[in-house]
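Report on one structure; see the data block that follows.
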Amino acid sequence: MLNDIERTLFHEQTILRRLDELAAQITADYEGRDLTVLAILNGSIFFMADLLRRIQLPLHLACLSASSYHGGTESSGTVTFDLGSLPDLDGRHVLILDDILDTGLTLRAISGRLSAGTRPASIKICVLLQKRKARPGGMAADYAGFEIGDEFVVGYGLDYREHYRNLPFIGVLKQEVFSSAPARG
Ligand code: IMP
Ligand code: MG
């Protein structure tokens with residue numbers, strides 16, 4: 001697995017130090033509010049675990065499975081998720097957590113459906129990584145761990161075809177990993 005990595009972008013200690021800062025900011029901003037963290041799985045799983053243990057506030061945790069990539073490196077353009085399993089969010093301050101803001105399609109779809117179907121007191125977005133690129137509607141995260149270029153990254157929850165999520169750092173794959181992947185049917 002390590003042999004497939006071209007270079008490391010963020011070491012584990014760099015990520016955790018940044019999460020200390022993000023968590024301190026979130027703790028200050030949501031003090032005294034009814035906070036519900038809505039984590040988008042699977043990508044945000046390590047981010048969620050490490051960030052939430054640093055937030056010093058009472059909070060509710062809800063998880064939602066969403067996917068738009070279906071295995072490749074380009075967004076498929078359709079986002080699938082099911083809000084039916086979520087707890088009541090009326091009056092709650094909802095902070096959506098995701099691994100990465102790329103095209104913004106996933107988070108736009110989720111926050112749009114949340115504000116249409118429920119009555120949260122507020123909805124904000126927190127991502128570990130935000131790609132530097134233009135997005136429809138100027139969509140941006142309220143909290144972002146790191147800004148990165150428009151390239152495909154893996155590790156610390158982020159996958160390529162469900163591999164590499166368990167790398168403790170974030171890195172870029174060697175080009176040959178993409179070119180040797182079997183064609184999808
Ligand atoms: P969106 O394009 O902003 O909707 O991103 C949707 C999802 O695609 C993210 O939540 C990630 O799971 C995945 N994704 C986007 N960019 C990358 C990447 O560079 N590496 C791995 N997964 C990514
Ligand atoms: Mg993915």
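Heavy atoms only: backbone and side chains are in, while hydrogens, waters and symmetry mates are out. When a ligand or atom number is given, it counts from 1 through the structure's own listing order.
- Of the heavy atoms in K131, only side-chain atoms (C-beta onward) come closer than 4.0 Å to ligand 1.
- Here the closest non-hydrogen pair linking A62 and P87 is CB-CD, 3.8 Å.
- Between the side chains of Y156 and D99, no donor-acceptor pair of N or O atoms lies under 3.5 Å.
- Ligand 1 has no N or O atom lying under 3.5 Å from any N or O atom of L107, backbone or side chain.
- For L64 against D82, the heavy-atom pair with the smallest separation is CD1-O, 3.1 Å.
- In V79, neither the side chain nor the backbone holds a heavy atom less than 4.0 Å from any atom of ligand 1.
- At a heavy-atom distance under 4.0 Å, only side-chain atoms of D98, from C-beta outward, approach ligand 1.
- Partners of F46 under the ring-ring contact (aromatic ring centres under 6.0 Å, His included) rule, at least two apart in sequence or in another chain, do not exist in this structure.
- Residues E12 and R17 are not paired through a salt bridge, judged by the lack of any N-O separation under 4.0 Å between the basic side chain and the carboxylate.
- Using 4.0 Å as the threshold, R108 has no heavy atom nearer than that to any atom of ligand 1.
- For the pair R135 and ligand 1, no heavy-atom separation below 4.0 Å is found.
- Residue contacts with ligand 1 include V153, since one of its heavy atoms falls under 4.0 Å from the ligand.
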